[in-house]
Each structure stands twice: as structure tokens, then as C-alpha cells.
Amino acid sequence: MDIFAELDWRGLVHQTTDPQNLRQWLSEGSKIVYAGFDPTSDGLHVGNFVPLMMLRRFQKAGHRPIVLAGGATGMIGDPSGKSEERNLLSAEQIEHNLEGITHELGQFLDFDGPQAARLVNNYNWMKEWDYLTFLRDIGKHFPVNVMLGKESVKARLEETEAGMSYTEFSYMLLQAYDFVHLRKTHGCGLQVGGSDQWGNITAGIELARRMGEGGLHGLTCPLLTKSDGTKMGKTEQGAIWLSPKKTSPYVFYQYWYNTEDADVDACLRMLTELSEKEILSLADERANAPQQRRSQQELASSLTRLVHGDEGLQKANKASEVLFGATIEQMSDADLTDIFADVPSQELARDQLANEGLSIIEALCQSGLAKSKSDARRTVDQGGAYVNNRRVEDQSRSLTQADLASETVMVLRSGKKRYALLKFV
RNA sequence: GGGGGGUUUCCCGAGCGGUCAAAGGGGUCAGACUGUAAAUCUGAUGGCAUAGCCUUCGCAGGUUCGAAUCCUGCACCCCCCA
């Protein structure tokens, strides 16, 4: 399989050091490819997805991936694509972040077999350097005028008033040296990354050449952006994370399911492992029957399965079904807790359900769905109140044992999507 | 220092001394429609024991049967002249 051709049709090739040679080089046999991830937060998010998948694709095509966790570079802060100097993360924070992301990185790659992936941390080799030696051995190879010409630096100096510290300015040296180091110790010949990494990657190649290691390659993929120009993976509630602890499989699934028609094709190509044929056929279906949302379904399913496994996908599916209208009854507490993991819940005394029961108005207030009783009444009046996904039309309705959806839980909803759980214990 | 204008419900903004919980717009919420989209349409949008009552119009007093509307003082904002 020609990996380069595949990356090409997927739209993953943004810039390369030399398309002809790179393609040739890749076809010669199993190569070592690396991508770096800085521990700027304690988990991976959708923004890390594309480079991760790149490595995965390389591995599947018979190459060996190296994942570099930036324990050292993370301490400095990459200025690429940042308009302002950032606050330094504390050493403990970085340690914590590294722990978080390293194990997540693992799940995308195969760490066994002949193409076993490797995980390295650049802190392990950077910590050996002392300042003077680094300046003499590495810094000497970096002409400042070239560094000033790099987009990451230029943008900061020319287009903003933010300026840049010597620390961030030096970031490039560290990442450049990583490449050289991996070349020497692992025989790594290609670095991949997002398009904002181009400057850092070429700096590495340049450094290697000056240090007597020629023939390195670089490849960047486009940043995944939506048709409106905003970044993929950001919502008003924050980033979409890969860890189920930070973003539930359901929210993850829904995020992709709601992808705009205009964006879904690029997502399918860049993020999934569906074949070109499948993707073209989805494009066809989308053109003929957009309301079926088959593309979105495939995208959401395939990514959820990849990140959260079959079980996670099932949960997300079940949750979607329930959250979008299926009536809720005869379920277990465990099921409901799972499905409504992201939904606020309140505990109430069980005896509130006895006798007359709890009025729907009161219940809406208690659950936080209504700001006041008037608000609750309005909601009911307007037909926006639901118990266990059944509409409640009568203000005087009261809730009793019979309205429990499971052993102890009742599911309230206001409007289309706002849910709350009441637990009666 | 002198003069003028302003401060209204989530935001903007209208508001003859009674018919003002306060126009209109935005936002938000709900409903219909729909593709879990966009657009559109309808309704709602201080609180409560909801045919009624209570609390709101910068703050504190006052006039009046009655004040967001008039008067006095205070605070903050804007403009003009020095």
C-alpha cells in the first residue's frame, strides 16, 4: 500500500520537504516516523487527533511510529500558532499531564509486533544537557536570522504587540534537537505534525544536516477546521477530550454526529479509517438524502469505536436513543446513571412520593430545570415538561412511585434537551 | 470650578402623575416545522398561596388619595465651557 498516496487522497498532506523523494523513500521499506505531543493539558483532545491518526496510518502501512511526549519542550512552551506568551507550567503540572496523556497515546498504536510503536519522553535526553554545552553544540547551528524568519516567530514579533521571551524563542532548538536525537538513537527519518509545526520540523532537518545527518524528511497535515473557520473540537463547554472521564462517550458521539454537512467529508477522510470508496459512497448518499445523516452516523460511530471501544459506542448509541425521545421505563439505576452521566441530578427523600406524591411543579424546581414555580408552570403550560420522556400537560399532576423509571430514579426534562435526574432515596 | 444630559426589568431602549410588571427590539426559554441542521412561524419571559396579591424603574427621603413619571439630597456616568 502506498501510504503517501493514501495520505494524499485523505487531504492529509499539507507541506512536505520533498514530495517526490519522500514518496520514494517511504516505499523503500519500513521507516521510523515520529510525532510529538506536548503535555499542555492532562489529556488528549480532538486537536491531537489528526497527528495521532497519522502515526496510526503509518504503522498500518508497515512503518514504525514513535510517539514523543514533550516533557522537556512542555516546560518551555511552543510559540507556534500562539499570539501571546504563555505562562509556564509547573514541573508538577507537567508531570501530571504527562501521566495523563502517555497512556491515552498508547491506545491508538500497537506497541507489539515487528512494527511496535515506541513512546519516548524528550525530558530523558534533554535533562542531560548543561546550558553551556547546549549553546556550543546545538545553538551554534542556528542562525538567528533564519529563526527570525520562521512563521511562529515572525507572527509574534510583527503581527502582535505581545513580543516573545527568549525562552519561547528557544523552543525551536529543543524540538529540532529531538529530531536529531531520534535520528541518532532510533534511526527516525520522518517527522509529522500539524501545519503549525512546519517551522519546527524544518528546523530539525536543518540542524541534523549541519550536524552531519542528512536526508531527514518532514510532513505536515492541515489543521482540522470547520467551514466557518473555527477549530474542530471546541465547543462552548470547552474542548472535546478523548478521555471518557473528561468527555463522555455520549457527548463525544454527539459532537461528531452534529458535524455540518460541509465539514463531514473532510472529517471522514482525515480522521477515520474508512476507505476512499466508502467515503465517496457516503458523499453520494449525502447529496441524495442529506436528512439521513449517514455520513455523520458513520463518522460518529467510527470515531467513538476507535476511542471508546465497542462498549463505549453501544453506550453512546443507547444514550442517544434515550436522550432523543425514547420513553424511559423499566430500566435499572445503573443504566440510567450511565446514560445520564452528564446530567445534573438531585437526591430527594423517598417519602415525598408517598400519598399525594410530589407535584410536577415542585419537582421541576427541585431538579433545577425551572428557576421558579412560575417558570415551572409556564414550562408545563407550554408543553415543555416531560417525565421519563412523556409529556406532562397538567400542572396539577403529581409524581408517585409509579413514575419511577428505575428503582430510585425519575428522569425529568424541560424542552428538547435539558435533562435532570431525581433520585429518591 | 461652571453649565447641560443621563442612570428603567438579562442587554439595548420607550415611558402624558393614575388604565405600568412597565411599548419595541435583542437575547433566552417553550411549542410547531425540520435532518438531533439552518431558516421560518407561534407563544412565553419579576415573584407567589396566580380571576388576586407582593416586590421592581441608581440610592435615601419628600409632595400626593396615587409616583418609573414631580421635589430635595447623595452616588456614578457622559457632554460642553474653563
Side-chain angles (χ1 to χ4, degrees), chain A residues 46 225-237 240 247-268 281-305 308 312-328 339-344 352 356-398 411-420:
Chain A
V46 165
T225 52
K226 294 194 242 181
S227 48
D228 62 7
T230 58
K231 274 188 196 167
M232 204 77 206
K234 291 261 191 271
T235 68
E236 280 168 32
Q237 286 78 42
I240 297 291
T247 299
S248 71
Y250 165 72
V251 169
F252 185 85
Y253 180 91
Q254 284 294 324
Y255 179 79
W256 298 109
Y257 193 92
N258 284 308
T259 306
E260 300 282 329
D261 288 1
D263 300 321
V264 74
D265 191 64
C267 289
L268 284 166
S281 128
L282 282 171
D284 246 21
E285 287 192 58
R286 197 166 57 247
N288 295 324
Q291 70 280 12
Q292 297 291 319
R293 301 168 72 74
R294 288 270 302 125
S295 299
Q296 282 86 346
Q297 257 169 42
E298 282 300 324
L299 177 67
S301 300
S302 130
L303 294 184
T304 307
R305 190 185 297 113
H308 299 293
L313 176 58
Q314 267 174 31
K315 279 187 193 173
N317 273 327
K318 178 76 182 162
S320 300
E321 193 182 300
V322 166
L323 286 159
F324 284 91
T327 51
I328 303 166
I339 291 172
F340 292 98
D342 307 303
V343 158
Q352 300 225 42
E356 330 277 81
L358 179 67
S359 85
I360 179 68
I361 303 298
E362 186 62 31
L364 284 170
C365 291
Q366 290 287 336
S367 69
L369 290 177
K371 288 197 292 283
S372 64
K373 291 189 181 175
S374 300
D375 193 20
R377 288 203 175 85
R378 267 194 298 274
T379 305
V380 175
D381 267 353
Q382 295 177 144
Y386 301 79
V387 173
N388 302 329
N389 276 346
R390 284 207 189 82
R391 182 178 281 176
V392 172
E393 311 199 351
D394 182 4
Q395 280 193 16
S396 59
R397 170 89 147 77
S398 65
V411 182
L412 297 187
R413 181 177 129 211
S414 163
K416 283 196 196 326
K417 293 184 185 174
R418 287 174 62 224
Y419 279 89

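Numbered from 1 within each chain, the chains take letters A, B, ... in sequence-line order. Not measured: the values here are computed from a predicted model.
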If you go through the side-chain atoms of A/D261, does one of them form a donor-acceptor pair with the base of B/rG35 closer than 3.5 Å?
yes
Yes or no on side chain to side chain contact (heavy atoms under 4.5 Å, CB included) for A/L323 and A/F340, after CA distance, side-chain angles and deciding distance?
CA-CA 8 Å; A/L323 286 159; A/F340 292 98; 3.3 Å; yes
Inter-nucleotide C1' distance (B/rU28, B/rA60), Å rounded:
34 Å
Return the value, rounded to whole Å, for the distance between atom CG of A/N288 and atom P of B/rG35.
16 Å
State whether A/R391 places a side-chain N or O below 4.0 Å from either non-bridging phosphate oxygen (OP1 or OP2) of B/rA32.
yes
In whole angstroms, the gap separating P of B/rA44 from CG of A/L364 amounts to 20 Å
Between B/rG4 and B/rU9 - P atom distance, rounded Å:
27 Å
Atom C1', compared across B/rG13 and B/rA68: separation rounded to whole Å:
14 Å
Which residues satisfy the side chain to side chain contact (heavy atoms under 4.5 Å, CB included) test with A/S396, sequence neighbours excluded?
A/D394
Look at all strands and tell whether A/Y255 reaches a base, only sugar-phosphate, or nothing, counting heavy atoms closer than 4.0 Å.
nothing
Please list, for nucleotides 50-54 of chain B, all pairs of protein and nucleotide N/O atoms separated by less than 3.5 Å.
| unit_1 | atom_1 | unit_2 | atom_2 | d |
| --- | --- | --- | --- | --- |
| B/rU50 | O4 | A/S374 | OG | 2.8 |
| B/rU50 | O4 | A/R377 | NH1 | 3.1 |

Roughly how many Å apart are B/rG5 and B/rA14, using the P atom of each and rounding to a whole number?
16 Å
Could you check how far CD of A/E285 sits from P of B/rG35, rounded to whole Å?
16 Å
Does A/Y257 lie flat on the base of B/rU36, that is, centres under 5.5 Å apart and planes under 30° off?
yes
Atom-pair distance (CG on A/L369; P on B/rU45), nearest Å
19 Å
Side chain to side chain donor-acceptor pair (under 3.5 Å) against A/T379, all qualifying residues, sequence neighbours excluded
none
Calculate the interatomic distance between A/I361 atom CD1 and B/rA30 atom P; express it in whole Å.
16 Å
Taking atom C1' in both B/rU34 and B/rC41, compute the distance separating them and give it to the nearest angstrom.
13 Å
Counting distance only, does the side-chain N/O of A/D375 pair as donor-acceptor with the main-chain N or O of A/A370 below 3.5 Å?
no
Using the side chain to side chain donor-acceptor pair (under 3.5 Å) criterion, which residues pair with A/D261? Sequence neighbours excluded.
A/Q296
Verify the contact: side-chain N or O of A/S372 to OP1 or OP2 of B/rC48, cut-off strictly under 4.0 Å; return yes or no.
yes
Residue pair A/K371/A/G384 against RNA chain B: nearer the 5' end by closest nucleotide is A/G384
Partner residues of A/Q352 under the side chain to side chain donor-acceptor pair (under 3.5 Å) criterion, sequence neighbours left out:
none
How far does the P atom of B/rA67 sit from the matching atom of B/rC57, given to the nearest Å?
12 Å
Checking A/V251 now: which residues fulfil side chain to side chain contact (heavy atoms under 4.5 Å, CB included) with it, not counting sequence neighbours?
A/I240, A/T247, A/S248, A/D342
A/Q382 has an atom CD; how far is it from atom P of B/rU45, in whole Å?
8 Å
Residues which pass ring-ring contact (aromatic ring centres under 6.0 Å, His included) with A/Y255, listed by chain and number, not counting sequence neighbours
none
Roughly how many Å apart are B/rG6 and B/rU69, using the C1' atom of each and rounding to a whole number?
15 Å
Any protein N or O atoms within reach of nucleotides 37-40 of chain B? Criterion: under 3.5 Å, listing atom names and distances.
none

For B/rG73 and B/rC80, measure between their P atoms and round to the nearest Å.
26 Å
Could you pick out which residue, A/R413 or A/C365, lies toward the 5' side of RNA chain B when each is mapped onto its nearest nucleotide?
A/R413
A/Y250 side chain near B/rU36 phosphate (N/O to OP1/OP2, under 4.0 Å):
no
For the pair A/R377 (side chain) and A/V380 (backbone), establish whether a donor and an acceptor sit closer than 3.5 Å, ignoring hydrogens and angles.
no
By salt bridge (charged side-chain N to carboxylate O under 4.0 Å, His left out) - contacts of A/E285 (at least two apart):
A/R294
Within the distance-only criterion (no hydrogens, no angle test), does the side chain of A/N389 pair as donor or acceptor with the backbone N or O of A/A326 below 3.5 angstrom?
yes
Partners passing side chain to side chain donor-acceptor pair (under 3.5 Å) against A/S301 (at least two apart in sequence or in another chain)
none
Checking A/R418 now: which residues fulfil salt bridge (charged side-chain N to carboxylate O under 4.0 Å, His left out) with it, not counting sequence neighbours?
none
Side-chain-base donor-acceptor pair under 3.5 Å for A/Q254 and B/rU36:
yes
Name the stems that RNA chain B belongs to, where each is three or more consecutive Watson-Crick or G-U pairs with both distances under 3.5 Å?
B:1-7 with B:75-81, B:10-12 with B:24-26, B:27-32 with B:40-45, B:46-48 with B:52-54, B:58-62 with B:70-74
For the pair made of CD in A/Q291 and C1' in B/rU36, what is the distance, rounded to whole Å?
14 Å
